[in-house]
Trainee: 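Following this message is one structure expressed as structure tokens.
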There are 2 protein chains.
Amino acid sequence: MEQKDLMLRLMKYKRVLLQFKSLGLDRVYSNNLGDALEISAALVRKDFSHFKIEGNRRGGYSINKVLGRLNRLLGDSGLQEIVIVGCGNLGKALLNHDYIREGFRITAGFDINPSQPELNNIPLYPLEILKPYVLEHHIQVGIISVPASAAMQTAEMMVNYGIKGILNFSPLQLKSREECRIHNVNIGLEIENLFFMVNQAEKKSNELS
Amino acid sequence: MEQKDLMLRLMKYKRVLLQFKSLGLDRVYSNNLGDALEISAALVRKDFSHFKIEGNRRGGYSINKVLGRLNRLLGDSGLQEIVIVGCGNLGKALLNHDYIREGFRITAGFDINPSQPELNNIPLYPLEILKPYVLEHHIQVGIISVPASAAMQTAEMMVNYGIKGILNFSPLQLKSREECRIHNVNIGLEIENLFFMVNQAEKKSNELS
DNA sequence: TAGATTGTTAATCGATTAACAATC
DNA sequence: TAGATTGTTAATCGATTAACAATC
């Protein structure tokens, strides 16, 4: 959890700072960032000092300076290429979105049986092409949006072809391994969790009254 | 984090136990569950003992007994109804999935301009219908799958109509409030994070060689 | 019995926060 | 200077783990 949370925070700092900047601001205080991320100002300062991001004891932090440092830390590694395996509705939804601002670009979709040759200017290939494509383009990260029944073998394939990171949208929980990090986005679990918390909150407010 | 993580673990226990059961097993050991969830066996026992879920010092835990207890804890509250606001590709993808096994059901989709009257037997309504629908059906949880530009006002509406939990798929980070829990699923952030971790792992292996 | 697994205590570990001196 | 904010230390807090006695 630790390292992952910290890095997610750095990415969030970056996004918030870019927003502030686009609003015309030059400097921020630790408590501005704390408010935006819903964390304490102390934690912001701690994070920054951990990475030698320095501010001014009166004037807070220079947005540009912090952004520069964050880009170096997060690897301002240009536009990264990713692929999507599984071009049903979910895959198409992801293909339709423009992620370029977020630092990556979906360059191809794969499906056992693509319903169309391209979508949003991104080519859709049959699954057989995945291996040569990944090898040729040195793809490091991919998205799985196939049905649960195909998820395991899809992941297997992707790992075999050398993919190092997978975002898995299938309901099947996949395990990370040494050679490949897998993040599971389990929509059902999230909803179930929301219901639980909502019910909790209700119980609590009933107790009070 | 604390409570939320614990509850997510309980849900994962439940899912894994259901799988084990469907495989014909009767009993499990703490280390089976630990392996499945990628946590330590000690944590499993701790969680169980915290909720007075008892096992047998030699024979592990009875799957049925644990499941019974988990259902009571998690609120085996029948099939819950949820709605989706935003029926573009992502919304359609979610509408197409059958979540009944996961304990809830999407009963309606809403869009400023629905492209079709129904999908997967679920009616799609224009946004004006959202308010009466939510009130009449006592909807507690909803999904936001609208573009970033519409996300904030969509959430505002939903909260006003009395929705208590939102799963937000738009790239705009929304804040939870007292009256309504919001979970953000930020795909861009997840991918960015994967790239970071992949690069980290690479660096580390380069250092070793 | 011998062996294995639970249940629980105490130890560890790490993340977060409080608080305040340094300083702009 | 007076006031405000950083940078950092020490304290807190809570989650996780190690370890082992209890016991099936």
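So you know, we letter chains A, B, ... as the sequences are listed, proteins then strands, and number each from 1.
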Trainee: Rounding to an integer number of Å, can you tell me how far B:L33 CG sits from C:dT5 P?
Mentor: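 To the nearest whole Å, that distance equals 13 Å.
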
Trainee: To the nearest Å, how far apart are B:K46 NZ and C:dG7 P?
Mentor: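 Spelled out: NZ on B:K46 to P on C:dG7 is 13 Å.
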
Trainee: Grab the NE2-P distance between B:H50 and C:dT6 for me, whole Å please.
Mentor: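 Spelled out: NE2 on B:H50 to P on C:dT6 is 19 Å.
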
Trainee: Which of these nucleotides, C:dG7, D:dC24, D:dT16, is closest to any side-chain atom of B:R9?
Mentor: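 That would be D:dT16.
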
Trainee: Could you tell me the separation between the CZ atom of B:R45 and the C1' atom of C:dG7, rounded to a whole number of Å?
Mentor: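 From B:R45 CZ to C:dG7 C1': 7 Å.
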
Trainee: Which part of the nucleic acid, if any, lies within contact of A:R27, taking any heavy atom under 4.0 Å across all strands shown: a base, the sugar-phosphate backbone alone, or nothing?
Mentor: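 Contact class for A:R27: none.
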
Trainee: Can you work out whether A:V28 or A:R58 has the more 5'-proximal nearest nucleotide on DNA chain D?
Mentor: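 So the residue in question is A:R58.
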
Trainee: Could you tell me the separation between the CZ atom of A:R57 and the C1' atom of C:dT23, rounded to a whole number of Å?
Mentor: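 Rounding to the nearest Å, CZ of A:R57 and C1' of C:dT23 are 6 Å apart.
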
Trainee: Under 6.0 Å between the ring centres of A:F48 and A:Y13?
Mentor: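 Ring centroids of A:F48 and A:Y13 are less than 6.0 Å from each other.
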
Trainee: If the cut-off is 4.0 Å, is B:Y61 near the phosphate of C:dG7, judged by side-chain N/O to OP1 or OP2?
Mentor: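 Checking B:Y61 against C:dG7: at least one side-chain N or O falls below 4.0 Å of OP1 or OP2.
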
Trainee: Considering just the side-chain nitrogens and oxygens of A:S40, establish if one lies under 4.0 Å of OP1 or OP2 belonging to C:dT16.
Mentor: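 No.
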
Trainee: Identify the nucleotide, in any strand shown, that forms a Watson-Crick or G-U wobble pair with D:dT23, with both distances under 3.5 Å; if there is none, say none.
Mentor: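 Partner of D:dT23: C:dA4.
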
Trainee: Nearest to the B:A42 side chain among D:dA18, C:dG7, D:dA10, which nucleotide is it?
Mentor: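 Closest nucleotide among those given: D:dA18.
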
Trainee: Expressed as a whole number of angstroms, how long is the span from B:I39:CD1 to D:dT17:P?
Mentor: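 From B:I39 CD1 to D:dT17 P: 8 Å.
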
Trainee: In whole angstrom, give the distance that lies between atom CG of A:L6 and atom C1' of C:dT16.
Mentor: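 Spelled out: CG on A:L6 to C1' on C:dT16 is 12 Å.
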
